[in-house]
Amino acid sequence: MILGIATVVVLVLLAVALLPNKKRDGGGNALGGGNSPLHPFSRQLNFRQQQLHEEAEAISDEYQRRANEAWRDELGEKAAALLQTKRTANSRASSKS
């Protein structure tokens, strides 16, 4: 479930990163239009996209780490409960014999 949430978060962040670029590219500017290869903000936009991508990956990695940690904790608790149940069953069986 947490992995699914992390995936959704990454997809939303990537969508948000791409939407402002389309809005800026659609309009003209004083330096020759939005489709100019010498767009003055292209370097900043690429840097911002890279930052957002890195942030999305960091968030995804953190959610994955937390999910793995929670899974290991839950697995340990279940294993301990099963072992304790098995020990009590074995001790009851040995005391009846």
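Quantities reported herein were computed from a predicted structural model and do not represent experimental measurements.
Note that OH of Tyr63 and CD1 of Ile5 are 7.0 Å apart. Values are rounded to the nearest 0.5 Å. Rounded to the nearest 0.5 Å, atoms CD1 (Ile2) and CZ (Arg65) are 11.0 Å apart. Between the CG atom of Leu11 and the OG1 atom of Thr7 there is a distance of 6.5 Å, given to the nearest 0.5 Å.
Distance alone, capped at 3.5 Å, places no donor-acceptor pair between the Ser60 side chain and the Ala56 backbone.
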Inset, instruction - Carefully, step by step, assess Gln64 and Asn68 under the rule side-chain hydrogen bond (donor to acceptor under 3.5 Å, both in side chains). - result: CA-CA 6 Å; Gln64 183 65 45; Asn68 289 342; 3.1 Å; yes
Inset, instruction - Apply the test salt bridge (Lys or Arg N to Asp or Glu O under 4.0 Å) to residues Arg72 and Glu69: give CA-CA distance (whole Å), side-chain angles for both, the deciding distance (0.1 Å), then the verdict. - result: CA-CA 5 Å; Arg72 283 191 300 268; Glu69 185 177 314; 5.3 Å; no
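At least one side-chain heavy atom of Ile59 sits under 4.5 Å from a side-chain heavy atom of Leu13.
A donor atom on one side chain and an acceptor atom on the other are found under 3.5 Å apart for His53 and Glu57.
By the side-chain hydrogen bond (donor to acceptor under 3.5 Å, both in side chains) test, Asp61 pairs with no residue at all, sequence neighbours left out.
Screening Glu55, Glu54, Gln50, Gln49 for a side-chain contact (heavy atoms from CB on, under 4.5 Å) with Leu52, the sole residue that qualifies is Glu55.
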